[in-house]
Amino acid sequence: MSFSSEVKEELSKHISAPRHCQLAEIAAIICGAGYISVEESGEMALLLQDDNPLVVRKFFTLLKKAFNIGTSIFEETPDYKENGRIYRRVLTDQSDVKSVLGAIKLVDSEGNLREPFEGVSPQVTRNSCCKRAFLRDTFMCIGSISNPNKGYHLEFVCTYENQARQLQEMIESFDIEAKIVRRKKYYVLYIKEGAGIVDLLNIMEAPVSLMNLENLRIVKEMRNSINRRVNCEVANITKTVNAATKQIEDITYVRDHYGFENLHVNLREMAEVRLEHPDATLLELGKLLDPPVGKSGVNHRLRKLSEIADKIKGN
């Protein structure tokens, strides 16, 4: 099972206790995976996509809890195709349909149906707890999250731009940055920061998935930290080796083309110690001199020897 499926399975088990949050969850499912058909007679039917059993099962549970509606009509009705998607009827009783759609503000007092591109009514998600509930079930319908071992990416694939904007406002109300990009005919709301994804899992109340992601993040960050440290040390070692090699080449050139006997006693001693200890650090070289010299003093003398070598080469 993918990490995204694990998150959705955990979210499917969370049913809000307050009725107003249950209504927000029902609204999220209808907006994310539902369709409302209207006959010429004016009769309406509520349909759901049948490709996500978790969503369907949770929807029936919410209907029972919020409206005391128990139905098995989903199993008895034929497929209904609309906009390239397959739906099944879940509610056809006009009293139940109007009761549900009216409670979540998809139908007004005059019986007018809210257009799909308008998104959910702000009245349904006016409370912070309702926003959490709405985001939770919306993620179950149109959300996904990548394998954290490969990277951090969470997204909602929305049919309408206004739907994406509403989700963005809800998420950003919890101080999480989310961006929208157009992908073919869809509007994709996404979060790429690991910390933002963790915060959203917390908001949607998925503690197990949150902890699993945090553990993976910790391991990943430790590996990255170790790799950075190793790379830094390797770079420093390479730099030191290259510098020592250049110093020895210059000192050897001075010895062969100028002679140590022509050097000042301090430079002669420095040259001899460097040749005797090619792998020593500047600090170690300084301790081998008599009297001992600090790191900056050693560096100064080696630089003078290199200048002498360059001068000889130039002549």
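Predicted model, so just to flag it, every value in this text is computed and none were measured. These numbers come from the heavy atoms of this one structure, side chains and all, not from hydrogens, waters or symmetry mates.
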- Query: Any sub-3.5 Å donor-acceptor pair from Arg268's side-chain atoms to Leu263's backbone N or O?
  - Reply: yes
- Task: Taking all non-hydrogen atoms of both residues into account, name the closest pair between Ile251 and Ala271 and its distance.
- Result: CG2-CB, 3.6 Å
- Task: Would you name the heavy atoms of Gly297 and Val293 that are closest together and state the gap between them?
- Result: CA-CG1, 3.5 Å
- Item | side chain to side chain contact (heavy atoms under 4.5 Å, CB included) between Arg19 and Phe67, intermediate numbers included | CA-CA 9 Å; Arg19 187 172 185 272; Phe67 297 95; 3.2 Å; yes
- Query: Do Leu189 and Tyr186 share a hydrophobic cluster, counting only Ile, Leu, Val, Met, Phe, Trp and Tyr and linking them when any side-chain heavy atoms are less than 4.5 Å apart?
  - Reply: no
- Hey, could you give me the OH/CD1 distance between Tyr253 and Ile308, rounded to the nearest 0.5 Å? 13.5 Å
- Message: So His20 and Cys129, do their side chains get closer than 4.5 Å, heavy atoms only?
- Response: yes
- Hey, what's the ring geometry for Phe156 with Phe139, parallel, tilted or perpendicular (30° and 60° as the breaks)? perpendicular
- Item | Side chains of Val56 and Arg88 in contact at under 4.5 Å (non-hydrogen atoms) | no
- If you round to the nearest 0.5 Å, how far is CG of Leu200 from CD1 of Ile176? 5.0 Å
- Task: Answer whether the closest heavy-atom distance between the side chains of Cys141 and Ile29 falls below 4.5 Å.
- Result: yes
- Ignoring hydrogens and geometry, is there a side-chain-to-backbone donor-acceptor pair from Ser146 to Gly151 under 3.5 Å? yes
- Task: Determine yes or no for a side-chain-to-main-chain donor-acceptor pair under 3.5 angstrom, with Glu214 supplying the side chain and Val198 the backbone.
- Result: no
- Query: What's the verdict on side chain to side chain contact (heavy atoms under 4.5 Å, CB included) for Asp93 and Val97, showing C-alpha distance, side-chain angles and the deciding distance?
  - Reply: CA-CA 6 Å; Asp93 181 88; Val97 172; 5.7 Å; no
- Message: Closer than 4.0 angstrom, basic N to acidic O: yes or no for Lys313 and Asp250?
- Response: yes
- Are the side chain of Glu177 and the backbone N or O of Ile191 linked by a donor-acceptor pair below 3.5 Å? no
- Message: Can you confirm whether more than 12 heavy atoms, excluding those of Glu118, are under 6.0 Å from its CD atom?
- Response: yes
- What's in the same ILVMFWY side-chain cluster as Met222, cut-off under 4.5 Å, chained through other members? Ile218
- Message: Could you check whether any side-chain heavy atom of Leu48 comes within less than 4.5 Å of a side-chain heavy atom of Tyr87, counting everything from C-beta outward?
- Response: no
- Query: So do Leu63 and Leu91 actually touch side chain to side chain, heavy atoms under 4.5 Å?
  - Reply: yes
- Do the side chains of Ile248 and Leu282 join up, straight or via other hydrophobic residues, at under 4.5 Å, putting them in one cluster? yes
- Mind checking whether Leu285 and Thr281 have side chains closer than 4.5 Å, heavy atoms only? no
- Check whether any side-chain N or O of Gln166 sits under 3.5 Å from a backbone N or O of Gln163 as a donor-acceptor pair, and report yes or no. no
- Correct closest heavy-atom pair for Arg114 and Pro122 would be NH2-CD, 4.1 Å
- Query: Would you say Ile197 and Leu216 are hydrophobically clustered, going by side-chain heavy atoms of ILVMFWY under 4.5 Å?
  - Reply: no
- Atom pair CD1 (Ile145) and OH (Tyr190), whose distance is rounded to the nearest 0.5 Å: 15.5 Å
- Message: For Lys287, I'd like to know if atom NZ has over 12 heavy atoms of other residues, nucleotides or ligands within 6.0 Å.
- Response: no
- Query: How about Arg229: does its CZ atom have over 12 heavy atoms from other parts shown lying under 6.0 Å from it?
  - Reply: no
- Less than 4.5 Å apart, any side-chain heavy atom of Phe59 and any of Ile30? yes
Name the atoms and distances for all side-chain donor-acceptor pairs under 3.5 Å in residues 130-138, with sequence neighbours left out.
unit_1: Lys131; atom_1: NZ; unit_2: Thr125; atom_2: O; d: 3.0
unit_1: Arg132; atom_1: NH1; unit_2: Ile203; atom_2: O; d: 3.3
unit_1: Arg136; atom_1: NH1; unit_2: Met204; atom_2: O; d: 3.4
unit_1: Arg136; atom_1: NH1; unit_2: Glu205; atom_2: OE1; d: 2.9
unit_1: Arg136; atom_1: NH2; unit_2: Ser16; atom_2: OG; d: 2.7
unit_1: Asp137; atom_1: OD1; unit_2: Lys58; atom_2: NZ; d: 2.9
unit_1: Thr138; atom_1: OG1; unit_2: Phe134; atom_2: O; d: 2.7

- Task: Would you name the heavy atoms of Met140 and Asn52 that are closest together and state the gap between them?
- Result: O-ND2, 3.2 Å
- Task: Walk me through it: do Ile104 and Ser121 pass the test side chain to side chain contact (heavy atoms under 4.5 Å, CB included)?
- Result: CA-CA 8 Å; Ile104 61 174; Ser121 169; over 6 Å; no
- Note, Lys105 side chain near Leu23 side chain (heavy atom, < 4.5 Å): no
- Polar side-chain atom of Glu10 near backbone of Ser209 as donor-acceptor pair, under 3.5 Å: yes
- Query: Could you state the interatomic distance from CD (Glu155) to CD1 (Ile142), rounded to the nearest 0.5 Å?
  - Reply: 10.0 Å
- For side chain to side chain donor-acceptor pair (under 3.5 Å), just list the numbers for Asn299 and Lys295, CA-CA rounded to whole Å, side-chain angles, deciding distance to a tenth of an Å, and then say yes or no. CA-CA 6 Å; Asn299 188 52; Lys295 185 176 178 180; over 6 Å; no
- Message: Please check this pair: side chain of Arg301 against backbone of Lys304, looking for a donor-acceptor N/O pair closer than 3.5 Å.
- Response: no
- Task: Identify whether Ile86 and Leu47 are in the same connected component of the hydrophobic contact network (ILVMFWY, side-chain heavy atoms under 4.5 Å).
- Result: no
- Would you give the length of the straight line joining atom OG of Ser37 to atom CG of Leu46, rounded to the nearest 0.5 angstrom? 8.5 Å
- Give the cluster check for Phe260 versus Leu289: same hydrophobic cluster or not, with ILVMFWY residues linked at side-chain heavy-atom distances below 4.5 Å. yes
- Look only at the side chain of Ser99 and the backbone of Ser95, and say whether a donor-acceptor pair between them is shorter than 3.5 Å. no
- Gln49 to Gly32 - nearest heavy-atom pair and separation: NE2-O, 4.0 Å
- Give the intermediate values and the outcome of side chain to side chain contact (heavy atoms under 4.5 Å, CB included) for residues Glu284 and His277. CA-CA 9 Å; Glu284 291 169 342; His277 304 277; over 6 Å; no
- Message: Quick check against the 3.5 Å criterion: does Arg57 have a side-chain atom that pairs as donor or acceptor with the backbone of Thr61?
- Response: no
- Message: Determine whether a donor-acceptor pair (N or O, by modelled atom type, separation under 3.5 Å) exists between the side chain of Glu161 and the backbone of Tyr187.
- Response: no
- Item | From Ser41 atom OG to Gln94 atom CD, the distance as rounded to the nearest 0.5 Å | 7.5 Å
